[in-house]
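All residue numbers refer to positions in the sequence shown, counting from 1.
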Amino acid sequence: MAKSLKDKVTDALKEAVGADARIELEDAPGNEIGGLVLSGSFATKSFGERQDLIWRHLDAHLNTNERSRVVFIVTDTPDEHEALKRANA
């Protein structure tokens, strides 16, 4: 059985940042997906470095059609994510 797009994206993201990362993917309108990756490994990386890392791995693991269906991936450390949640509470 073929892997779903979410499974392929999850595998690529785990390879990019490690199996201990928290990965949450959601369906978006238009048969697309987006999500969140929380990883302590992002602490030493700039926003651009985080995004480059993620999209490089997605490009390597997905075909053009699959890649076009991934609309966003938020890349935060767990501490950054908690701070945002507190600020929005």
Between [atom1] on residue [X] and [atom2] on residue [Y], distance to nearest 0.5 Å:
X     : Y     : atom1 : atom2 : value
Leu58 : Leu53 : CG    : CG    : 9.5 Å
Leu84 : Asp76 : CG    : CG    : 5.5 Å
Ile54 : Lys45 : CD1   : NZ    : 10.0 Å

Please tabulate, one pair per line, all N/O donor-acceptor pairs under 3.5 Å involving side-chain atoms of residues 16-29, not counting sequence neighbours.
unit_1	atom_1	unit_2	atom_2	d
Arg22	NE	Glu24	OE2	2.6
Arg22	NH2	Glu24	OE2	2.4
Asp27	OD1	Lys6	NZ	3.4

Grab the two heavy atoms, one from [X] and one from [Y], that are nearest each other, plus how far apart they are.
X     : Y     : answer
Glu49 : Thr44 : OE1-O, 4.1 Å
Arg50 : Thr77 : NH2-CG2, 3.9 Å
Glu80 : Thr75 : OE1-O, 4.4 Å
Phe42 : Val37 : CE1-O, 3.5 Å

Quiz item: Can you hop from Trp55 to Leu38 via hydrophobic side chains spaced under 4.5 Å?
Solution: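 Different hydrophobic clusters.
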
Would Ile73 end up clustered with Leu36 when hydrophobic side chains under 4.5 Å apart are linked, directly or stepwise? no

Self-check item: Within-4.5 Å side-chain heavy-atom neighbours: Glu15 and Asp11
Solution: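 The answer is no, as the side chains (C-beta and beyond) never meet within the 4.5 Å cut-off.
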
Flag the pair Leu13 / His57 as yes when at least one side-chain heavy-atom distance between them is below 4.5 Å, and no otherwise.
-> no

In plain terms, say whether Arg69 and Glu66 are close enough for a salt bridge, that is, a side-chain N and a carboxylate O under 4.0 Å apart. no

